[in-house]
Amino acid sequence: MSNERYNVKETEAKWQQAWDEADCFAAAPPGDKPKYYVLEMFPYPSGRIHMGHVRNYTMGDVVARYKMARGFNVLHPMGWDAFGLPAENAAMERKIHPRDWTYENIATMRGQLKALGLSIDWSREIATCHPGYYAHQQTLFLDFLEAGLAYKKESLVNWDPVDQTVLANEQVIDGRGWRSGAVVEKRTLSQWFFKITAFADDLLERLETMERWPERVRLMQRNWIGRSSGAFITFELEGRDEKLEVYTTRPDTIFGMTFGALSPNHPLTASLAETDSELADFVALCNSEATNEEAIETAEKRGYDTGIRVRHPFIADKSVPLYVANFVLMDYGTGAIFGCPGHDQRDMDFARKYGLEVFPVVLPAEIDPAGYELGDEAYLGEGRIVNSGFLDELTVEDAKAKVIERFEADGIGRGAIQYRLRDWGVSRQRYWGCPIPVIHCEDCGIVPVPKADLPVLLPDDVSFDKPGNPLDHHPTWKQVDCPRCGKPARRDSDTMDTFVDSSWYFARFCSPRAERPVERADVDYWLPVDQYIGGIEHAILHLLYSRFYTRAMRRGDHLDLDEPFAGLFTQGMVCHETYRDEKGAWLYPEQVRKDAGGATTLEGGRPVTIGRSESMSKSKRNVIDPEAIIATYGADTARLFMLSDSPPDRDLEWTDAGVEGAYRFVNRVWRLVGDAAARCPSAQSFDSGLPSAFGESAMDLRRKAHKAIAAVTEDIDSFHFNRAVARLYELANAISAFEADGEGDLWALRETAETLLRLAAPMIPHVAEELWQSLGRDGLLVTQPWPEADSTLTIEESVTVAVQVNGKLRTTLSLPLDVEEAVAEQTALAHPAVQRVLEGRAPRRVIVVRNRIVNVVV
RNA sequence: GCGGGUGUGGCGGAACUGGUAGACGCGCCAGACUCAAAAUCUGGUUCCCGCAAGGGAGUGGGGGUUCAAGUCCCUCCACCCGCACCA
């Protein structure tokens, strides 16, 4: 057998070029074939691809190539999520224009992706920063505006006073701006919102039907939408004209109310604070509190007694104090609550701290309410209502219904559904994003840019010298005449959140050069995406926003679709060990030499601490550059390793040994099939007909091949790529163990070698293509149909049956398939191993499961 | 706190609706080839006892159902992830 290795670089480049020239991966127009749209989440052009991309795109590529072989018209496009903050940071740090930085990165990364040999239809490539894309996004924005799905409102934002910009919550770290370090202020700004809440119910309900989405993601979305059912109640305030509206999910506990509480940001709080400096101080204190997880966990409940009394709606003469409390959130419900300490732990903590009244109104049936005292634990369980007038003795559920009925009759409240989901704020005070196509006119107010005037292009001549939004301090860009009255007006200088860009790109891929956002015929044909693949980190925002966009675009008649992604697969991350030197500084893997005892630095031999394996990240330096791997081992090896070692939805541990293993297999296939090619009949004589009879070992090999076809097919269909790879290894082992003797055997060898190539082609397409050619085959393997398993060959003539005595394995028997149960029983009982254990005892019972097991019970 | 997931050899992981636990790979051991090494090939490799034949134990711990449990039920433990003062 040859020891030669195949020339990875030349071979891979050759076949990539061949596929390109034959235009193999261009999606065809609608025709006879069924369609299949496979999409991986498009990358942000950060500079270079990373292993996470390699894993993601390899999985998508396996699916795309497999579906192509199965006869589908496949759409497998690629694009760039190209707007975003890093481009502006690069502009500030390196004096390079965001556009140039972005397009340079795209060029680099496109080259890297092409080197992976992905079956991408590059003619459909899009970049969201290109006017050919964002122009249409502006059209959609105007449609949303017209449909009432986009609106402007004042909202509280995180304002960085140094950088003069709004920060997302994730960009505020311990109350300070992530870049400037300045203490972040809360500011009220006028911002654009998308009315995602208009679809809250549908977004929630549809989740139930999305069976090809991971349960985990559906659950996260369900929680995020956060539907709750309860009631709004309006309370009277003693001696004041205004009323207080609260939201509660426990209207049944209304008789247990012992205080009321306002959010520090409630309008009533604000008006009271105008004349109460102590309250103003309290509010300021609350707003300065950290809102991160640990802080909330440990934060003490604090309140300020306003002196106002809230009237109980059903108990004449009863009133309770009204507090401003730090734990009441302005952005849920009405920003005010009624406190029932008996049945809400937060209310309990608060009541105990401020010495407020505490008593139960729900108790388990076995407890006598007379004189019963609650401790410091609120009772949250089921039971019957007590101490509650007309609600007494009802169940919690019945009491809710009855009290809501009463509220509605009295005109002081109503049953209501509430959502945690907020409308999506999309304004960003940034340059590198899609300009919001509206004009502000002093006389006419907000005026949409006429569609004929689109796109509103980003100006190129911007300066990043000053902090703040370059669009805002551009000398002329904002100045425009009002399209309605013609008077001088100004453009909205905000740009859209980059999540907007990624919320409809999957639809644009269907007709990437259309003069409208989408062509109806194309989206009708291609959508929904049949298989979407990406990281779990987008489980909520991106996927929810895309679902919103589908609904909003449907209103504008751009498409007619319930859900954008029929199938979703969330792949695991790529992990690597971490290394630190004696000072605790992170080290790159290539700086480390590992040996038996541990590890040292390559230069200087200093001791290295090996840390646990974590998701590859630049900050921990535990990264492997895909380009280096491809240069050394080739794309096939990188792809195979991505698929072979772990189930696709779990994290994958990158190891040098694992890569070496994949490399070995690629070379092994090359030698194995190359060898077979040298010995086997020519393609022409092979195709003229198989021999009528094969020897036993040849039949055995053929059976293995057809079982492999059935197994690999099933494994790819069910996203078990690691199992599919194991099947390929088994088949390769069978080929290499096969000793061909005579012409019939050579035919079987050739047939099996071709099968191996076809099955392996979606995973290691370059070497498969090379070997296909070496077998004397014309045309490209990529255009070949998927092999069919011959059912007469996947069935064994004999089966191995386990023989147990009292459930313990004693021996195995080789029996003819589907042999009579009595025969199996007799054969098992006669076996010496069984006889020995029985020691002459007669079996009490014998259980025979056909083709599987004989269990003798004594 | 609420919700979800995972736990199988030295390691990554297989195991269909309960039916031979450990496929396949990595690592390791031995052998072939070689002056030697690498590469490659062959064989072995869950643990314990045994030269062997064979026997015993074993899927995070404990208990249960069953002829039979990694798989079903109860209970406990560990780790991971998501959400979180949502009234």
Side-chain angles (χ1 to χ4, degrees), chain A residues 1-5 214-220 222-224 226-228 230 246-251 253 261 263 291 293 295-297 299-301 325-329 331-340 343-347 349-350 418-422 536-537 539-540 640-641 644-647 649-653 655-662 664-665 667-668 671 711 714 720 722-733 736-737 800-813 833 836 843-858:
Chain A
M1 192 163 281
S2 155
N3 282 345
E4 228 179 304
R5 291 191 166 207
E215 179 54 34
R216 188 157 69 124
V217 174
R218 292 195 280 170
L219 189 78
M220 281 160 76
R222 230 173 267 139
N223 291 340
W224 185 261
R227 182 188 149 110
S228 74
V246 308
Y247 176 75
T248 180
T249 55
R250 294 296 303 271
T253 64
S263 163
T291 52
E293 284 180 30
I296 286 167
E297 189 77 34
E300 223 181 310
K301 304 273 179 289
N326 64 341
F327 66 93
V328 182
L329 306 174
D331 57 5
Y332 187 79
T334 63
I337 60 161
F338 80 75
C340 176
H343 306 287
D344 183 288
Q345 194 56 48
R346 292 157 303 179
D347 295 351
D349 296 344
F350 190 81
Q418 273 288 96
Y419 298 93
R420 266 186 48 198
L421 184 68
R422 299 278 160 280
I536 187 74
E537 67 273 19
I540 298 175
L640 184 64
F641 178 56
S644 63
D645 260 27
S646 292
D649 53 347
R650 281 207 225 163
D651 287 353
L652 168 73
E653 165 85 3
T655 60
D656 292 343
V659 182
E660 294 281 351
R664 256 198 299 272
F665 182 71
N667 278 288
R668 190 156 168 245
R671 276 194 310 271
E714 147 123 35
H720 291 129
N722 56 323
R723 292 204 307 218
V725 171
R727 303 288 164 229
L728 297 181
Y729 277 99
E730 280 177 346
L731 188 57
N733 288 345
S736 88
T800 306
V801 171
V803 179
Q804 298 178 339
V805 177
N806 289 335
K808 190 178 271 291
L809 183 73
R810 291 299 165 182
T811 189
T812 59
L813 298 172
R836 189 167 54 237
R844 281 197 290 137
R845 198 176 152 193
V846 180
I847 289 133
V848 181
V849 179
R850 188 170 281 214
N851 298 331
R852 284 201 180 275
I853 202 160
V854 177
N855 190 9
V856 180
V857 185
V858 286

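- The base of B:rC67 sits with one of its N or O atoms less than 3.5 Å from a complementary donor or acceptor on the side chain of A:N855.
- In terms of heavy-atom proximity, A:F665 sits nearest to A:L640 at CD2-CD2, 3.6 Å.
- The two atoms that bring A:R346 and A:D344 nearest to each other are NH2-OD2, 2.6 Å, heavy atoms only.
- The residue among A:V801 and A:D331 whose nearest nucleotide of RNA chain B is located toward the 5' end is A:V801.
- Side-chain proximity of A:L329 to the nucleotides B:rC85, B:rG27, B:rA68 is greatest for B:rC85.
- The heavy-atom pair separating A:C340 from A:D347 by the smallest distance is N-OD2, 2.9 Å.
- Across the P atoms, B:rC16 and B:rC11 are found 22 Å apart, a figure rounded to whole Å.
- Among all heavy-atom pairs drawn from A:S644 and A:V725, the shortest one is CB-CG1, 3.6 Å.
- Under the Watson-Crick and G-U wobble criteria, each requiring two contacts below 3.5 Å, nucleotide B:rU71 is left unpaired.
- Glycosidic conformation at B:rG63 (O4'-C1'-N9-C4 for purines, O4'-C1'-N1-C2 for pyrimidines): anti, more than 90° from 0.
- At least one side-chain heavy atom of A:N806 sits less than 4.5 Å from a side-chain heavy atom of A:V858.
- When only modelled atom types and interatomic distance are considered, A:R668 and A:N733 share a side-chain donor-acceptor pair under 3.5 Å.
- At a threshold of 4.0 angstrom between heavy atoms, the contacts of A:T800 include nucleobase atoms, whether or not backbone atoms are also involved.
- Distance CG/A:N855 to CZ/A:R845: 9.0 Å, rounded to 0.5 Å.
- For the pair A:K301 NZ and B:rA84 P, the interatomic distance rounds to 16 Å; values are reported in whole Å.
- A:V328 comes within 4.0 angstrom of a base, heavy atoms only.
- Applying the Watson-Crick and G-U wobble criteria (two distances, each under 3.5 Å), B:rC41 pairs with B:rG31.
- Taking the ring centre of A:F327 as origin, the terminal cationic atom of A:K301 falls inside the region bounded by 6.0 Å and 45° from the ring axis.
- Here the C1' atom of nucleotide B:rA38 and the CZ atom of A:R664 are 12 Å apart, to the nearest Å.
- B:rU6 sits 28 Å from B:rC86 when the P atoms are compared, rounded to a whole Å.
- Within 6.0 Å of the CD atom in A:E714, the count of heavy atoms belonging to other residues, nucleotides or ligands does not exceed 12.
- If you check B:rU46 for Watson-Crick or wobble pairing at under 3.5 angstrom, you find it paired to B:rA57.
- Counting heavy atoms from C-beta outward, A:T800 and A:L813 have side chains that stay 4.5 Å or more apart.
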Q.
Apply side-chain contact (heavy atoms from CB on, under 4.5 Å) to residues A:L219 and A:R222 and explain how you reach the verdict.
A. CA-CA 5 Å; A:L219 189 78; A:R222 230 173 267 139; 3.5 Å; yes
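- The CD-C1' distance, from A:Q345 to B:rG1, rounds to 10 Å in whole Å.
- At B:rA87, none of the side-chain N or O atoms of A:R250 fall inside 4.0 Å of OP1 or OP2 (strictly under the cut-off).
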Atom pairs, N/O to N/O, protein against nucleotides 54-57 of chain B, distance under 3.5 Å?
residue	atom	partner	partner atom	Å
B:rG56	OP2	A:R810	NH1	3.4
B:rA57	OP2	A:K808	NZ	2.8

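- Separating the CH2 atom of A:W224 from the P atom of B:rC2 is a distance of 21 Å, rounded to the nearest angstrom.
- A:N733 comes within 4.0 angstrom of the backbone, heavy atoms only, and of no base.
- Atom pair A:I536:CD1 and B:rC83:C1' shows a separation of 13 Å (rounding to whole Å applied).
- Between A:Y332 and B:rA87, a side-chain N or O to OP1/OP2 separation shorter than 4.0 Å is present.
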Please tabulate the protein-to-nucleotide N/O contacts below 3.5 Å involving nucleotides 5-13 of chain B, giving atom names and distances.
residue	atom	partner	partner atom	Å
B:rG12	O2'	A:D645	O	2.7
B:rG12	O2'	A:S646	OG	3.4
B:rG13	O3'	A:N722	ND2	3.4

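- When the C1' atom is used for both B:rG70 and B:rG18, the distance is 10 Å, rounded to whole Å.
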Q: Determine, stepwise, if the pair A:Y247 / A:S228 fulfils side chain to side chain donor-acceptor pair (under 3.5 Å).
A: CA-CA 11 Å; A:Y247 176 75; A:S228 74; 3.0 Å; yes
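- Taking atom CG of A:N223 as the reference point, atom P of B:rC2 lies 14 Å away to the nearest angstrom.
- For B:rU8 and B:rU45, the P atoms lie 22 Å apart once the distance is rounded to whole Å.
- Taking the C1' atom of each, B:rC81 and B:rC26 are spaced 27 Å apart, rounded to whole Å.
- Not one side-chain nitrogen or oxygen of A:R420 sits closer than 4.0 Å to the OP1 or OP2 atom of B:rA87.
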Could I get a table of every N or O pair under 3.5 Å where one atom is in the protein and the other is in nucleotides 28-32 of chain B?
none

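- In this structure, A:L809 places its CG atom 15 Å from P of B:rU46, rounding to the nearest Å.
- Within the 4.0 Å cut-off from OP1 or OP2 of B:rC16, not a single side-chain nitrogen or oxygen of A:R852 is found.
- Using atom C1' as the reference point in both B:rC83 and B:rC76, the two lie 26 Å apart (nearest Å).
- Residue A:Y729 is classed as a sugar-phosphate contact, given heavy-atom separations below 4.0 Å to backbone atoms only.
- For B:rG12, the paired nucleotide is B:rC24, the pair qualifying as Watson-Crick or G-U wobble because both relevant distances are below 3.5 Å.
- Heavy atoms of A:V857 sit under 4.0 angstrom from primed sugar atoms or phosphate atoms, though from no base atom.
- Across all strands shown, B:rC2 forms a Watson-Crick or G-U wobble pair with B:rG82, both key distances being under 3.5 Å.
- When heavy atoms are screened at a 4.0 angstrom cut-off, A:L219 is found touching the sugar-phosphate backbone but no base atom.
- Comparing the P positions of B:rC79 and B:rC24 gives a spacing of 35 Å, expressed to the nearest Å.
- Phosphate contact (OP1/OP2 of B:rC86, side-chain N/O of A:R346, threshold under 4.0 Å): present.
- When the C1' atom is used for both B:rG61 and B:rG13, the distance is 23 Å, rounded to whole Å.
- To the nearest angstrom, C1' of B:rC80 lies 14 Å from CE of A:M220.
- Across all strands, A:R668 comes closer than 4.0 Å only to sugar-phosphate atoms, never to a base (heavy-atom distances).
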**Q.** Check against side-chain contact (heavy atoms from CB on, under 4.5 Å), A:R664 and A:N667
**A.** CA-CA 5 Å; A:R664 256 198 299 272; A:N667 278 288; 5.9 Å; no
Q.
Please evaluate residues A:V846 and A:V854 with respect to the criterion side-chain contact (heavy atoms from CB on, under 4.5 Å), reporting the C-alpha separation (whole Å), side-chain torsions for both, the decisive distance (0.1 Å), and the verdict.
A. CA-CA 7 Å; A:V846 180; A:V854 177; 3.8 Å; yes
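- Between A:I536 and A:R216 there is a side-chain heavy-atom pair separated by less than 4.5 Å.
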